[in-house]
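All residue numbers in this chain count up from 1 along the given sequence.
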Amino acid sequence: MSHRLQLQGIIVTTIRPRHSPFPSFSPNTSPRVSFSSFSCGKGLEMEEVKAVSDLLVGDPVMLEKKIDAIRLAGPHKLQVSACIYSCYQVIADFDATLTKFWVNGTRGQSSHGLLQQGNPEYDAKREKLYEYYHPLEFSPAIGLAEKTKLMEEWWGKTHSLLIEGGLTYESIRQSVANANIAFREGVIELFEFLEERDIPVLIFSAGLADIIEEVLRQKLHRSFKNVRIVSNRMVFDDDGHLVSFKGKLIHSLNKNEHALDMAAPVHEQLGDMDDPTNESASFKKRTNVLLLGDHIGDLGMSDGLNYETRISVGFLNHNIENSLSCYQEAFDVVFVNDAPMRGVIKLVSHMSSSGS
């Protein structure tokens, strides 16, 4: 039976029975728990769905034990993976985790999907790649090794088209300005809370770091010294034309593999902070993790970290009837109904308080 986490100030609403045309994210392997162990159980009836609160906890006793362990270790051991990192750290996915799933009544765009490179021919070519490879990403009939190769093909071809089609940084700015994308309510407050306590935030994405940074710039209008991005980064020439990509390719099935060597501080790229420091060594010392994701595959984001305690928060944004039981089994805490970040702020506040 599920229980609500008693966090004061969380607003409870009913589920909106909307469905997205996009299937669930293809699962990756978690170091502690294999995805194959999540049976998902039976789907819920609509009346059961309507009774579901915005926040659910599958095992409140285990969650409280994890919180106590992190509190006793202290904030210097936490990191957040959104990712967010401190002795705990935070690790977070970007699309549909930090951003809303529904924006102005329609499906919000992803950081990759919003891109219009100013060349209709190449936009159409990238769309054809999506139509071909996207179903393969979620096909249960394809093994992980073969699927990984397909994702490498997809991302590689897409990146080549962006270069060949003459993408400019001005096109990125304009694409973000015109995009149907928005952050969840409370994201700024969450980042501010973590920044004040020197808890690093690591944002993992198989998309494009430059677009994510532009979304942060245009939608939040500020940067945070504790936020780093693990994503594909572009290289532009002096005229603002894309010429190459930096580092190893990151796709949907390997986001965890290059966490530390490709984590670039946002403020270094935005140029509005003085004397940025390399914090990769300190990440390794942060042995507690708060992980935020919207797909069970996001649990793999912490695979490359030697953590002691991990609290996982899942955002279930659509297909709730069929997925809720699986999410409750996979994540320590589950938010539904495109919930704001207030509940996560309450959780982080409780984790950061002094143990009694």
Side-chain angles (χ1 to χ4, degrees), residues 20-23 25-26 28 93-96 99 103 106-139 142 144-181 203-219 229-258 261-262 264 266 269 295 297:
S20 165
F22 301 95
F25 185 84
S26 179
N28 200 352
D93 175 56
F94 187 75
D95 295 314
T99 62
V103 181
T106 61
R107 172 69 170 94
Q109 290 178 293
S110 69
S111 56
H112 212 298
L114 65 82
L115 181 60
Q116 298 294 313
Q117 58 188 105
N119 187 322
E121 177 187 354
Y122 281 87
D123 287 334
K125 287 181 178 181
R126 287 190 294 115
E127 180 63 25
K128 286 184 179 180
L129 288 179
Y130 175 87
E131 293 172 355
Y132 175 76
Y133 284 102
H134 188 258
L136 302 179
E137 180 181 1
F138 303 106
S139 172
I142 302 176
L144 180 60
E146 182 181 356
K147 190 175 291 187
T148 297
K149 291 181 180 179
L150 289 169
M151 294 305 100
E152 290 173 354
E153 286 180 12
W154 182 11
W155 261 254
K157 291 178 181 179
T158 297
H159 288 182
S160 295
L161 287 175
L162 291 174
I163 297 172
E164 184 182 339
L167 178 69
T168 64
Y169 197 86
E170 181 56 35
S171 295
I172 291 177
R173 274 194 285 262
Q174 198 61 44
S175 294
V176 173
N178 297 333
N180 188 42
I181 189 171
I203 298 176
F204 278 66
S205 175
L208 300 165
D210 306 82
I211 293 180
I212 293 173
E213 288 170 356
E214 189 62 31
V215 174
L216 288 167
R217 178 188 287 108
Q218 293 193 27
K219 304 303 181 181
I229 295 177
V230 178
S231 190
N232 298 291
R233 188 166 294 281
M234 300 173 172
V235 178
F236 295 88
D237 63 19
D238 293 339
D239 295 322
H241 290 87
L242 176 64
V243 294
S244 65
F245 283 81
K246 184 185 300 184
K248 299 176 182 178
L249 185 149
I250 298 178
H251 55 76
S252 59
L253 299 183
N254 74 342
K255 331 195 251 195
N256 62 308
E257 293 179 9
H258 314 299
D261 58 340
M262 296 192 70
V266 171
Q269 304 300 322
H295 292 290

Hey, what's the ring geometry for H112 with H159, parallel, tilted or perpendicular (30° and 60° as the breaks)? parallel

Give the ring-plane orientation class for H134 versus W154, where under 30° counts as parallel, over 60° as perpendicular and anything between as tilted. perpendicular

Backbone N/O of [Y] and side chain of [X]: donor-acceptor pair under 3.5 Å:
{"X": "S139", "Y": "P135", "result": "no"}
{"X": "Q109", "Y": "N180", "result": "yes"}
{"X": "S110", "Y": "D95", "result": "no"}
{"X": "N232", "Y": "G207", "result": "yes"}
{"X": "R126", "Y": "L162", "result": "no"}
{"X": "D239", "Y": "H241", "result": "no"}

Salt bridge or not for R217 and E213, using N-O below 4.0 Å? no

Do you know which two heavy atoms are closest between [X] and [Y], and how far apart they sit?
{"X": "M234", "Y": "D210", "answer": "N-OD1, 2.7 Å"}
{"X": "K147", "Y": "L136", "answer": "CE-O, 3.4 Å"}
{"X": "A209", "Y": "R233", "answer": "CB-NH2, 3.4 Å"}
{"X": "V215", "Y": "F94", "answer": "CG1-CZ, 4.0 Å"}
{"X": "F236", "Y": "T168", "answer": "CE2-C, 4.0 Å"}

Under 3.5 Å, is there a donor-acceptor pair linking the side chains of T148 and N254? no

Examine the side chains of E137 and S252 and answer whether a donor and an acceptor come within less than 3.5 Å of each other. yes

Evaluation steps, side chain to side chain contact (heavy atoms under 4.5 Å, CB included), between D237 and L242: CA-CA 7 Å; D237 63 19; L242 176 64; over 6 Å; no

d(L114 CG, I211 CD1) to nearest 0.5 Å is 5.5 Å

Can you tell me how far apart CD (E152) and CG (L253) are? Round to the nearest 0.5 Å. 9.0 Å

Could you give all pairs that pass the salt bridge (charged side-chain N to carboxylate O under 4.0 Å, His left out) test and reach residues 161-177, with sequence neighbours left out? E170-R173

